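One structure is given below, encoded as structure tokens.
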Amino acid sequence: MPEPLLSVVIACHNHEGFVREAVDSILSQDFPAREIIVVDDGSRDRTPEVLSTFGAAITFARFPVNRGAGAARNHGASLARGKYLVFLDGDDALLPHTLALYGQLVTARQPTLLLGHAAHCYEKLPAPPDPAREVRFVDYPDFFAKDRPWVYNTSSLVVERAPFLAAGGWSEDIFYQDIQDLLNKLAFAGKTLLVLSPDTVWYRMHTTNAVRRVQPFIEGIYTLLRKAKNGVYPGDREQRLRRAAWFGGLIFYWMKEAISTGFYRDGLALLAARWWMIALAVVRRGAVRITGRKPVETLPLNGSPALENSSTAGDASLSSHSRP
């Protein structure tokens, strides 16, 4: 059996009401060069029973007890054969064109990281949008070169498997700010593509979303800062300054979230402790305004491309232009 290009890794825990839609959103796509790996992280509901109905269409693994999302994703990655890992949470779903879009981009550009574009939905998945005709994206030399915002969520992340494994995968001792931790590990590992449109994933909002909890995310920032101070993340002095500016943007966002939700002491303490990182972020944003953002490129979408030919065809059809 030939190795797939994309391995979709789904980690789920107590997602019996959502996980069927997650798996179906992959199975319904016209992209044969993929595999689906689902790891149930010790669910106490009927999630395993739901997943058992898919039979050989998925690779299914189950933890007898809850070990955490990082452990489940790492286990799924250890079972994967694809060159790229597409992560998806069990309560989210991919849009109909997503795997063809990812396949076309990674074959044409060979990035280390690909950052998809998430659209929020509430409880129920919306009707599929009209078919996308092109993808708009920006090509950066590494993650910290990114000069546009990105909504951080696991279901929008695609990463080349070899660098992911070399970096140690997901840190299993951190949940809040876990994706930020992984991106710090991979920040200088290679090329990063940022998709601006179309949307690639439905990020489902419901009452149990972890993102609704502000204080644990602030505690997660302090964990990241300690790891950076202790030299856990790669980078020389110049790269550490770039990382500090990135931290400034993250800190500013969660400081605002804390204050807006009534956690004034937490928000102001974060500001007092790391105000200089926010200042670096402001300076970097000002420099981007002066020098201009990296140009946006477009690529016509061909559905599910012939992988052996898509690199040449893809590069030939690319165009670039500046956007405000």
Side-chain angles (χ1 to χ4, degrees), residues 2-12 15 18-19 21-39 41 51 54 57-61 69-70 72-119 125 132 135 137 143 150-165 167 169-170 178-179 182-183 186 189-195 198-204 301 303-305 307 310:
E3 290 187 352
L5 178 66
L6 306 177
S7 294
V8 185
V9 176
I10 301 176
C12 56
H15 284 153
F18 305 127
V19 73
E21 289 181 321
V23 176
D24 282 341
S25 75
I26 305 164
L27 290 174
S28 62
Q29 301 202 22
D30 184 18
F31 189 83
R34 51 96 174 126
E35 65 177 350
I36 305 171
I37 301 165
V38 188
V39 180
D41 186 21
L51 291 169
F54 288 102
I58 66 173
T59 298
F60 178 38
R73 294 170 191 148
N74 284 340
H75 185 62
S78 74
L79 302 175
R81 298 178 297 117
K83 184 177 181 182
Y84 285 87
L85 304 171
V86 180
F87 289 102
L88 181 67
D89 285 343
D91 52 350
D92 296 332
L94 299 184
L95 274 82
H97 52 257
T98 297
L99 293 186
L101 182 155
Y102 288 165
Q104 203 165 335
L105 280 181
V106 301
T107 305
R109 292 301 179 91
Q110 303 291 317
T112 298
L113 289 168
L114 192 157
L115 310 178
H117 195 274
L125 296 182
V135 56
F137 67 100
F143 175 73
W150 183 61
V151 178
Y152 291 87
N153 68 76
T154 306
S155 299
S156 302
L157 180 65
V158 181
V159 57
E160 192 174 7
R161 182 162 58 100
F164 170 85
L165 295 175
W170 296 89
D178 56 350
I179 190 170
L182 177 62
L183 290 170
L186 294 167
K191 181 183 297 188
T192 296
L193 301 184
L194 174 65
V195 175
D199 298 328
T200 59
V201 62
W202 288 119
Y203 179 76
R204 195 192 307 256
L301 291 178
S304 180
L307 297 179
S310 60

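A quick note: this is a predicted structure, and the numbers were derived from the prediction, not measured. One is the number of the first residue; the rest follow in order along the sequence.
Between Phe87 and Trp170, the ring-plane angle classifies as perpendicular under the 30° and 60° cut-offs.
Here the side chain of Arg161 pairs a donor or acceptor atom with the backbone of Gly82 at under 3.5 angstrom. A donor-acceptor pair under 3.5 Å is absent between the side-chain atoms of Glu160 and the main chain of Leu114, judged by distance alone. Judged purely by atom type and a 3.5 angstrom limit, Tyr102 has no side-chain atom pairing as donor or acceptor with the backbone of Thr200. Between the side chain of Thr192 and the backbone N or O of Phe143, at least one donor-acceptor pair lies under 3.5 Å. The backbone N or O of Ser7 sits nowhere less than 3.5 Å from a side-chain atom of Arg81 that would complete a donor-acceptor pair.
Between the CG atom of Leu193 and the OG1 atom of Thr112 there is a distance of 9.5 Å, given to the nearest 0.5 Å. How far CG of Leu194 is from NE2 of His117: 8.0 Å, rounded to the nearest 0.5 Å. Note: Phe54 CZ to Ile36 CD1 = 8.0 Å, rounded to the nearest 0.5 Å.
Residues Leu113 and Leu157 meet the side-chain proximity criterion, which asks for heavy atoms closer than 4.5 Å. In this structure, the side chains of Leu105 and Val195 come closer than 4.5 Å at one or more pairs of heavy atoms.
Checked for salt-bridge contact, Arg73 and Asp89 meet the test: a charged N lies under 4.0 Å from a carboxylate O.
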